Amino acid sequence: MQGKLRSVLEKIENGLINVCVLFLIIIIAIIMFQIITRRLGVATSGTEELARYCYVLFVFILWPVAAVRGQDLRITVLFDILSGRTRRIIMGIFHMVMAVYGSMFCYSMYVNMGNAFRGNLRASTNRWIQMGWLYAVIVLAFLLLLAANLIRACLLFSGQETVLTQEEQNSMEMEAETKKIQKELENVERGRNV
């Protein structure tokens, strides 16, 4: 059961990451477009606002992925001196607080979404952007954030997941990179022997 749940979560995470990559590409394209049009002396309207909306969506869509992967910001100098159990409890409480915050924000965005659709609210310079749809994506992202925080809190409280110190994370990354390099060297060596 847990294997299936983790598999589904990974697929959702990868899908969200791919959507965010698309938003980054759009942001880069908009910036390049602005640079070119300004050099040519052509006035464009609404491109900055469109890039801003893409950035807002990027942040809100990627936030649940960071939460479920435990890539939250923390002061590692203080956090790393705590015992593993204490770190787990603190992070579990943090994720529960974030779930409460996410649910309140989600409700607020839901109300804004309803008002935007009823009032046919449009973006100020890009009249084709219906603000209700932007709010709808943010509501969906906060529902995912709520789920991610609750899942991570449950895993932390049950002891199925740990919170590593910065030194442990660095050590694991170095070990993984070393194995990767060794594997590449073995492949190169096999290629020479063939």
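Please read all numbers here as calculations on a predicted model, not as lab measurements. Along the sequence shown, residues are numbered consecutively beginning with 1.
Contact check for F105 versus L145: no side-chain heavy atoms found under the 4.5 Å cut-off.
Through side-chain heavy atoms spaced under 4.5 Å, either directly or across other Ile, Leu, Val, Met, Phe, Trp or Tyr residues, L146 is tied to I89, I93, M96, V97, L150, F157.
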Is there a side-chain contact (heavy atoms from CB on, under 4.5 Å) between F94 and M91 once you walk through the steps? CA-CA 5 Å; F94 169 77; M91 287 307 291; 4.0 Å; yes
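Remark: the backbone N or O of E167 is not paired with any side-chain donor or acceptor of S171 at under 3.5 angstrom. No side-chain donor-acceptor contact under 3.5 Å links S108 to the backbone of M104. Although no hydrogens or angles enter the test, the distance criterion places no donor-acceptor pair under 3.5 Å between the side chain of T86 and the main chain of L82.
Counting non-hydrogen atoms of neighbouring residues, nucleotides and ligands closer than 6.0 angstrom, the CZ atom of F117 exceeds 12 such neighbours. Atom CD of E184 has more than 12 neighbouring heavy atoms from other residues, nucleotides or ligands inside a 6.0 Å radius.
Not counting sequence neighbours, L140 has no partner by the side-chain contact (heavy atoms from CB on, under 4.5 Å) test.
What you find for M113 and G132 is that their closest heavy atoms are CG-O, 3.4 Å. Of all the heavy atoms in A51 and I27, the pair that sits closest is O-CG1, 4.0 Å. Of all the heavy atoms in R122 and M131, the pair that sits closest is C-CG, 3.7 Å. Taking all atoms of both residues into account, the shortest heavy-atom contact from F60 to A141 is O-CB, 3.3 Å. For the residue pair L156 and R88, the shortest heavy atom distance occurs at O-NE, 3.2 Å.
By the 4.0 Å N-to-carboxylate-O rule, K179 lies close enough to E175 to be salt-bridged with it.
With rounding to the nearest 0.5 Å, the separation of CG in L16 from SG in C20 is 6.5 Å.
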